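Okay, structure first, notes after.
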Protein chains: 2
Amino acid sequence: MTDKQAHVTHQADVTTNESGELMLENQVCFSLYSAANAIIRAYRPLLEAIDLTYPQYLAMLVLWANNGINVKDMGAKLHLDSGTLTPLLKRLETKGLLDRKRGLTDERVREIWLTEAGKTLKTQAKSIPYTMFCKSELPVEELAALKATCDKLLSNIN
Amino acid sequence: MTDKQAHVTHQADVTTNESGELMLENQVCFSLYSAANAIIRAYRPLLEAIDLTYPQYLAMLVLWANNGINVKDMGAKLHLDSGTLTPLLKRLETKGLLDRKRGLTDERVREIWLTEAGKTLKTQAKSIPYTMFCKSELPVEELAALKATCDKLLSNIN
DNA sequence: ATAAATTGAATTGTGCGCAACTTAATTGCT
DNA sequence: AGCAATTAAGTTGCGCACAATTCAATTTAT
């Protein structure tokens, strides 16, 4: 969306906004999109050291806190569906970090259990958040505000 | 990175931070990543009406303001490389929205020129930013702050 | 009890992002 | 002029995201 559109909210015909509403430079969404890409790019060298991609790292974060979680619940936490998670989890299984077991009471669900290697990896991942914090070169307060706005945006949009 | 890490900056061993530094819920980057995905998801129904994806829409925004731009300069504006842009621009060419012409003075460069259909599409795209602004349900000031922080983050990280 | 509806996961297909590499054109150097 | 270095774009390959669909297991309604 375009920045500083308050005056637009008072007119029916948005397209008459002459002050460059279709200019890339004014679009909040583009900034968000580019920043998210840049963040993932910045994570890459850190995650290569433990042979994970950023989405794989997120899945491991969920597992480190919720070992044995199923695909649906992990998807709810990560805002991702089985179309993304199933192949991702298969790759992590191939790496030997987890096992994908069928639920005992319900054959449909897949429970994801960390292997010892998967549990051990947590130690090596501990330094990553602080390294990223340093790379950002932003004050904690601004990062907190950024997170709060992103969380609001996410819940408003869904 | 993890939220509220100020106290961590004063200690050498980051891994001793016991207060959940590896918890998904505290990670600014995850919020940013999820919000960016959600934004693109929210654009989709609007862009389907004009048969564009979000990255294709961004390329069209660049062209509407800079007709005849080359791939390298477009990449600089969008923070994307030729590996992403070449196939994307080929798809837009297939749709009949642009022509990819060789530079006259330098045979290496590709100049991207809008067709009449490509120029015409701008009219239909004009209402999109305001629709997205409404979907966000956030005050203009907060969106402006979000954009400012994202822009800073992007330039600090690169 | 059984047919219908729902649910959890997997599959298929498309389009990014990006690293790594290739190709061809241009520029710089001597 | 001639050759090395650089540059712009394209290609290849991998891993997401996600819509759409499929399939099997479970739940529900009758």
Side-chain angles (χ1 to χ4, degrees), chain A residues 30 32-45 47-48 51-60 69-95 100-112 154 157-158, chain B residues 30 32-45 47-48 51-60 69-95 100-112 154 157-158:
Chain A
F30 171 63
L32 191 66
Y33 156 87
S34 296
N37 283 343
I39 285 279
I40 293 177
R41 233 178 286 140
Y43 264 104
R44 195 162 293 129
L47 291 173
E48 263 171 14
D51 191 31
L52 291 179
T53 65
Y54 184 65
Q56 288 169 7
Y57 167 68
L58 293 180
M60 293 304 290
I69 196 172
N70 64 45
V71 173
K72 188 199 172 205
D73 292 347
M74 179 180 283
K77 283 182 189 294
L78 296 178
H79 314 294
L80 294 171
D81 69 359
S82 68
T84 299
L85 287 178
T86 296
L88 183 154
L89 293 170
K90 281 184 177 175
R91 275 172 222 119
L92 293 177
E93 186 177 38
T94 303
K95 289 189 216 280
R100 300 162 60 247
K101 304 198 169 134
R102 287 284 176 201
L104 293 176
T105 62
D106 189 337
E107 281 280 307
R108 288 171 304 181
V109 315
R110 278 278 195 187
E111 292 175 356
I112 313 299
L154 182 63
I157 275 177
N158 291 341
Chain B
F30 171 62
L32 192 65
Y33 156 88
S34 296
N37 283 344
I39 285 280
I40 292 176
R41 233 178 286 139
Y43 264 104
R44 195 161 293 128
L47 290 173
E48 261 170 16
D51 191 31
L52 291 178
T53 65
Y54 184 66
Q56 289 169 5
Y57 167 69
L58 292 179
M60 293 304 289
I69 197 173
N70 63 46
V71 173
K72 187 199 172 205
D73 292 347
M74 179 180 282
K77 283 182 189 295
L78 296 178
H79 314 293
L80 295 172
D81 69 359
S82 69
T84 300
L85 287 178
T86 296
L88 183 154
L89 293 169
K90 281 183 176 176
R91 276 174 222 120
L92 292 177
E93 187 178 38
T94 303
K95 289 189 215 282
R100 300 162 62 246
K101 304 198 170 138
R102 287 286 177 199
L104 292 175
T105 63
D106 189 337
E107 280 280 304
R108 289 171 304 180
V109 316
R110 279 278 197 187
E111 292 176 356
I112 314 298
L154 182 63
I157 275 177
N158 290 339

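Chain identifiers are assigned alphabetically (A, B, ...) following the order of the sequence lines, protein sequences preceding nucleic acid strands; residue numbering begins at 1 within each chain. For clarity, every value in this text was computed on a predicted model and none was experimentally measured. Note: hydrogens, waters and symmetry copies are ignored here, and every other heavy atom, side chains too, is used.
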Can you tell me if the side-chain N/O atoms of B:Tyr54 get under 4.0 Å from OP1 or OP2 in C:dG15?
no
Please tell me which of the listed nucleotides, D:dG10, D:dA19, C:dC16, lies nearest to the side chain of B:Arg100?
D:dG10
Among the nucleotides C:dG17, C:dT26, C:dG8, which one has an atom lying closest to any side-chain atom of B:Asp106?
C:dT26
Which nucleotide wins on minimum distance to the side chain of A:Lys72, given the candidates C:dA10, C:dA19, C:dG8?
C:dG8
Donor/acceptor link under 3.5 angstrom from B:Ser82 side chain onto base of D:dG10
yes
Closest to side chain of B:Asn70, choosing from D:dA25, D:dC18, D:dA9:
D:dA9
One pair to check against salt bridge (charged side-chain N to carboxylate O under 4.0 Å, His left out): B:Arg100 and B:Glu93. What are the steps and the verdict?
CA-CA 7 Å; B:Arg100 300 162 62 246; B:Glu93 187 178 38; 3.3 Å; yes
Is there a donor N/O on one and an acceptor N/O on the other, under 3.5 Å, for the side chain of B:Thr86 and the base of D:dA9?
no
Short side-chain N/O contact to D:dC16 OP1/OP2 from A:Gln56, under 4.0 Å:
yes
Are any side-chain N or O atoms of A:Asp73 and backbone N or O atoms of A:Ala76, one a donor and one an acceptor, separated by less than 3.5 Å?
no
Listed nucleotide nearest any side-chain atom of B:Lys90, set C:dC16, D:dT11, D:dA8
D:dT11
Counting only side-chain N and O atoms of B:Arg44, is one of them less than 4.0 Å from OP1 or OP2 of D:dC18?
no
Using the ring of each side chain (for Trp, its six-membered ring), is A:Tyr43 parallel, tilted or perpendicular to A:Tyr54, with breaks at 30° and 60°?
tilted
